[in-house]
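The structure appears right after this line, and notes come after that.
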Amino acid sequence: MNFKIPFTGRGHKYTDDEINLVAEVMQTAIPLTQGKYRDEFERKFAEYLKVDFAFTTNNATSALELAAQLCQLNKGDEVICPSHTYTSSMYPFIKKGGRPIWADIDPISRVISLETIKKCVTSKTKVIIAVHLYGFCINDIEAIALFAKEKDILLVEDVAQAMGTEIQNKKAGTFGDFGIFSLHSHKNLTTLGEGGFLVVKDLKHAHITPMLRHNGHCSFKYNREKYWIPAMGNVDLPELD
């Protein structure tokens with residue numbers, strides 16, 4: 001028997017209700033970005049995670065790019081990341097000037113742990129990237145978050161492969177300063193192609209993220225001559241992806 005599972009295939013077939021909903025969005029989406037469907041999606045996703053601030057992006061890598069920008073790395077700042085992960089977990093931070101410090105994974109759980117992180121921490125550590133992999137939430141993520149807070153280190157959770165997992169009724173991606181989620185077609189929840197979410201905990205990050213996400217555009221109580229500064233990119237999620 002020759003049975004093969006296509007790696008590039010869809011995870012499921014779409015129902016008539018799903019297809020009809022897409023057709024409805026095609027007819028009613030105004031504007032094509034930053035519209036009511038995106039806003040509703042962000043609100044429901046935030047409610048699901050029980051967080052205050054969740055922002056869609058065109059993919060999870062873009063969410064990581066935003067997180068790296070918000071971390072405001074300086075030359076010499078070290079970023080701890082598990083050596084076993086996808087490249088997107090780290091390279092946005094390298095692009096922003098971070099020095100990668102590779103941490104081992106736990107041989108049983110296959111993910112990073114507080115023990116392996118502590119071996120890499122120095123006085124130059126600025127960020128810890130905790131990657132939840134293969135549908136598993138890092139068992140000691142609570143302890144990692146507490147340790148990072150005590151050391152004044154920013155914690156970024158990459159939850160691309162583990163959306164919906166939780167520890168003590170608290171969802172992965174809500175323990176750290178930033179949570180990264182993927183809506184790729186191979187993930188648990190998909191937008192029929194690409195997509196991502198950035199969850200931020202701090203109000204100051206929540207204020208600036210919409211501007212960084214969409215060419216400097218966001219609501220202001222005053223007029224700005226150079227509205228695009230400091231953002232120069234567009235990683236917003238369109239209504240149809």
Side-chain angles (χ1 to χ4, degrees), residues 1-67 86 88-89 131-138 157-175 178-201 206 209-210 212-215 217-219 233-241:
M1 179 169 146
N2 187 15
F3 181 72
K4 295 182 179 180
I5 299 175
F7 178 76
T8 58
R10 295 181 176 89
H12 66 280
K13 291 185 177 180
Y14 303 113
T15 66
D16 289 340
D17 287 342
E18 290 173 326
I19 294 171
N20 291 336
L21 179 59
V22 171
E24 179 184 343
V25 173
M26 291 172 64
Q27 296 293 335
T28 61
I30 301 174
L32 293 179
T33 60
Q34 307 187 80
K36 64 177 183 179
Y37 296 105
R38 188 207 65 176
D39 294 343
E40 183 179 3
F41 189 21
E42 290 181 343
R43 177 180 60 78
K44 289 185 176 181
F45 194 75
E47 289 176 355
Y48 169 70
L49 293 177
K50 298 178 181 178
V51 298
D52 294 323
F53 311 112
F55 302 94
T56 54
T57 58
N58 53 11
N59 53 53
T61 300
S62 292
L64 283 158
E65 295 273 4
L66 289 174
Y86 190 60
S88 292
S89 298
V131 184
H132 307 271
L133 278 177
Y134 309 124
F136 294 109
C137 180
I138 298 170
E157 291 182 77
D158 185 336
V159 203
Q161 290 192 5
M163 183 187 298
T165 58
E166 58 184 42
I167 295 290
Q168 300 295 331
N169 296 318
K170 185 176 173 65
K171 293 286 193 299
T174 66
F175 292 90
F178 306 98
I180 311 297
F181 297 84
S182 174
L183 303 174
H184 186 271
S185 60
H186 289 168
K187 302 305 191 296
N188 300 354
L189 177 67
T190 174
T191 58
L192 312 184
E194 289 278 5
F197 259 101
L198 170 64
V199 168
V200 302
K201 183 171 291 185
T209 295
L212 298 177
R213 174 176 63 174
H214 194 81
N215 297 305
H217 292 271
C218 64
S219 58
N234 182 9
V235 298
D236 212 342
L237 180 71
E239 296 285 12
L240 289 174
D241 193 286

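Predicted model only: the values in this text are computed from it and were never measured.
- Here the side chain of Arg213 pairs no donor or acceptor atom with the backbone of Ser62 at under 3.5 angstrom.
- Remark: the backbone N or O of His132 is not paired with any side-chain donor or acceptor of Glu157 at under 3.5 angstrom.
- The side chain to side chain contact (heavy atoms under 4.5 Å, CB included) test applied to Lys170 returns Thr174, Phe175, not counting sequence neighbours.
- Interatomic distance, Thr15 OG1 to Asn20 CG, rounded to the nearest 0.5 Å: 8.0 Å.
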*Could you please spell out the steps behind the side-chain hydrogen bond (donor to acceptor under 3.5 Å, both in side chains) verdict for Tyr86 and Thr61?*
CA-CA 10 Å; Tyr86 190 60; Thr61 300; over 6 Å; no
All N/O donor-acceptor pairs, side-chain side in residues 159-167, below 3.5 Å, sequence neighbours left out:
| residue | atom | partner | partner atom | Å |
| --- | --- | --- | --- | --- |
| Gln161 | OE1 | Tyr134 | N | 3.0 |
| Thr165 | OG1 | Ala162 | O | 2.7 |
| Glu166 | OE1 | Lys171 | NZ | 2.9 |

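- Smallest separation of non-hydrogen atoms from Phe181 and Ala60: O-CB, 3.5 Å.
- In this structure the side chain of Phe53 never reaches within 4.5 angstrom of the side chain of Lys201, judged on heavy atoms.
- Remark: Phe197 pairs with Phe41, Phe45 by the ring-ring contact (aromatic ring centres under 6.0 Å, His included) rule, at least two apart or across chains.
- The side-chain hydrogen bond (donor to acceptor under 3.5 Å, both in side chains) analysis of residues 44-54, with sequence neighbours excluded, yields the pairs Glu40-Lys44, Arg43-Glu47.
- Remark: Tyr37 OH to Thr56 OG1 distance equals 15.0 Å, nearest 0.5 Å.
- Ser182 meets the side-chain hydrogen bond (donor to acceptor under 3.5 Å, both in side chains) test with no other residue; sequence neighbours excluded.
- The heavy-atom pair separating Asn59 from Thr57 by the smallest distance is O-OG1, 2.7 Å.
- Residues Ile180 and Ala67 share a closest heavy-atom pair of CD1-CB, 4.1 Å.
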